[in-house]
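One structure is given here, and the rest of the page talks about it.
Numbering of ligands and ligand atoms starts at 1, following listing order.
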Amino acid sequence: MRPRIRGGRSTVLAALLSLALAAPITAAQALDSPAGAAAGATAPGGADRTNPDRQPHQYEVTGPATPAARTALAATGVSIDEVHARSVVITADRTQAGTLRQLGYQVRQLPDLPTARPAAPGTRVKDFPAGYTGYHTYAEATKEIDTLVAKYPAILSKQVIGRSHEGRNILALKLSKNVTKDENEPEVLFTAHQHAREHLTVEMALYLLGELTSKYGSDPRVTKILDSREIWIVPDLNPDGGAYDIASGRFRMWRKNRQPNAGTSEVGTDLNRNWAFKWGCCDGSSDDPADETYRGPSAASAPEVQVVSKFVRSRVVGGKQQIKAAIDFHTYSELVLWPQGFTHDPTGPGMTQDEHDTFATLGKKMAATNGYTPEQSSELYITDGSIDDWLWGDQKVFAYTFEMYPSSGHGGFYPKDSVIAKETARNREAVLQLLETADCVYRVIGKEGQYCKGR
Ligand code: 0X9
Ligand code: CA
Ligand code: ZN
């Protein structure tokens with residue numbers, strides 16, 4: 001059993017609030033000002049998120065030096081943001097930090113980021129604060145995507161594949177020559193923004209959309225890729241969380257989605273613990289809705305996870321999954337990670353030696369292009385219900401997780417907008433290599449003949 005560091009704290013008020021929030025709003029109410037996304041002192045976060053003991057901060061925890069020790073710490077439900085040789089940086093609130101101290105951890109609070117002055121209570125800020133306005137809000141990203149679709153209709157198309165809990169559209173953009181036809185070409189999936197505070201990943205998706213459209217016909221590599229692949233980009237898996245994170249005028253350090261939880265005022269599920277493969281199996285997620293890594297009440301309980309799971313399954317054509325490779329973008333730590341996250345074993349059930357070697361070889365190749373550190377994700381700490389484990393374990397997609405800039409410090413989840421151009425372009429080469437390899441990923445270990453004949 002994982003140590004529960006905090007019990008439920010349901011009050012009558014909290015129960016009423018969560019009931020009030022439980023009704024999903026309609027699409028018509030959605031988009032810019034969903035009812036559930038109101039800001040201010042009474043913001044549902046839950047009810048006591050205005051309590052200073054419940055504000056998230058980053059803490060340095062000294063001691064954990066092995067994957068097992070980090071998994072034990074992560075099993076308390078805090079998120080691990082940085083991994084160092086003999087310490088980690090976590091996100092937790094004061095109550096959780098106190099509990100960790102009681103468990104014997106050495107815990108030191110790190111200074112909060114200087115953020116803009118909060119908006120007046122009850123008002124809702126629509127843009128990022130000064131120094132961050134180069135980041136795209138959901139509305140700005142939607143507008144930019146629509147402009148690109150209008151400009152490049154022959155190679156870019158947009159589908160609404162479903163809606164978030166609060167009713168925002170979840171999009172899948174397809175990029176390919178003859179984009180309106182489903183051709184028999186290898187498909188590659190890029191996803192971003194499962195975690196609300198990881199705004200740089202939306203910029204990564206927008207960068208890829210801009211690059212792959214504007215360079216078609218002039219850049220020979222991009223041209224060849226669009227001529228021979230079908231690329232899917234889901235630029236924002238957690239639009240509700242992203243909007244909530246910026247809505248008060250100061251960053252809330254929010255991670256989860258914005259789905260209420262029954263019987264508590266605590267809001268949200270960690271989408272990257274909610275996927276329906278070995279969900280909750282292995283002490284790699286939390287069963288406490290108050291925790292950062294709450295896995296949800298059941299596998300794929302989050303509408304955002306359902307929407308993208310259904311979309312991925314829809315790419316099975318003639319009994320064959322068309323998507324061959326994928327990257328899910330996160331921040332931060334500058335890592336290229338591969339499955340399986342639920343186990344420390346590099347091979348074993350669900351992963352042959354050749355499959356592992358293929359993952360590792362391609363992962364290291366990509367990491368050599370962007371300077372990230374390549375490793376199996378469980379080298380960090382065990383996770384269960386993550387998207388890459390589901391894509392691999394359930395769909396046999398060679399799925400990676402990229403943890404983007406910074407490697408540590410430097411604004412953590414909130415680097416200034418001045419880094420966007422450099423830190424998105426930094427992954428260009430890795431993305432192109434993945435796309436070029438997608439017709440036979442096993443080529444990287446020289447086993448094309450064995451695994452990719454007769455495709
Ligand atoms: O914990 C996570 O979900 C990821 N780190 S983050 O700081 N972006 O939250 C890491 C996931 C690593 N595990 C797998 N990819 N399975
Ligand atoms: Ca095509
Ligand atoms: Zn993340």
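- In this structure a side-chain-to-backbone donor-acceptor pair under 3.5 Å is present from Asn261 to Glu266.
- Between Phe413 and Tyr332, the gap from one ring centroid to the other is short of 6.0 Å.
- Atom 15 (N) of ligand 1 has Asp388 OD2, 2.6 Å as its closest protein atom, hydrogens excluded (heavy atom only).
- Listed by chain and number, the protein atoms of type N/O/S under 3.0 Å from the Ca ion (ligand 2) are Ser176 OG, Lys177 O, Glu183 OE1, Glu185 OE1; waters are omitted.
- Note: angle at the Zn ion (ligand 3), from ND1 of His195 to OE2 of Glu198, is 90° (rounded to 10 degrees).
- For Tyr381, the heavy-atom gap to ligand 1 drops under 4.0 angstrom.
- Ring geometry for Tyr414 against His199 counts as tilted: the plane angle lies between 30° and 60°, on a 0 to 90° scale.
- Note that OG1 of Thr95 and CG of Asp53 are 4.5 Å apart. Values are rounded to the nearest 0.5 Å.
- Of all the heavy atoms of Trp275, none lies under 4.0 Å from any atom of ligand 1, so neither backbone nor side chain is involved.
- Residue-level proximity to ligand 1 for Gln194 is absent, since no heavy atom of it falls below 4.0 angstrom.
- Using modelled atom types, one finds a donor on one side chain and an acceptor on the other under 3.5 Å when comparing Asp388 with Ser386.
- Among all protein heavy atoms, the one lying closest to atom 11 (C) of ligand 1 is Asn272 ND2, 4.0 Å.
- Not one N or O of Asp81 is nearer than 3.5 Å to an N or O of ligand 1, by distance alone.
- Of the residues listed (Arg426, Glu203, Met204), the one engaging Met404 in a side-chain contact (heavy atoms from CB on, under 4.5 Å) is Met204, and it is the only one.
- Short contacts between ligand 1 and Thr401, defined as distances under 4.0 Å to a heavy atom of the residue, involve ligand atoms 15 (N).
- The nearest N/O/S atom of His330 to the Zn ion (ligand 3) is ND1.
- Nearest protein neighbour of atom 5 (N) of ligand 1, counting heavy atoms only, is Glu403 OE2, 2.7 Å.
- Those atoms of ligand 1 that come under 4.0 Å of a heavy atom in Leu337, given as number and element, are 12 (C).
- Pairs passing the ring pair (Phe, Tyr, Trp, His ring centres under 6.0 Å) check and including a residue from residues 306-325, sequence neighbours excluded, read Trp232-Phe311.
- Contact between Arg255 and ligand 1 is present, with at least one heavy atom of the residue lying under 4.0 Å from the ligand.
- A donor-acceptor distance shorter than 3.5 angstrom exists from the side chain of Gln376 to the backbone of Gln340, with no hydrogens or angles considered.
- Of the N and O atoms on the side chains of Asn370 and Asn427, at least one donor lies less than 3.5 Å from an acceptor on the other residue.
- Using modelled atom types and a 3.5 Å distance limit, the side chains of Asp384 and Ser285 yield a donor-acceptor pair.
- Aromatic pair Phe359/Phe398: centroids less than 6.0 angstrom apart.
- Close approach to Ser377 involves these atoms of ligand 1, each under 4.0 Å from a residue heavy atom: 12 (C), 13 (N), 14 (C), 15 (N), 16 (N).
- Comparing Arg273, His330, Gln376, Arg197 by heavy-atom distance to atom 2 (C) of ligand 1, the nearest is Arg273.
- The shortest N/O to N/O separation between Glu198 and ligand 1 falls below 3.5 Å.
- In terms of modelled atom types and a separation under 3.5 Å, the side chain of Gln159 and the main chain of Ile161 share no donor-acceptor contact.
- Proximity of Thr331 to ligand 1, defined as any heavy-atom pair under 4.0 Å, is confined to the backbone N, CA, C and O atoms.
- In this model, no donor atom of one side chain and acceptor atom of the other lie less than 3.5 Å apart for Glu403 and His330.
- Between Phe251 and Phe128, the two ring planes are tilted [angle within 30° to 60°].
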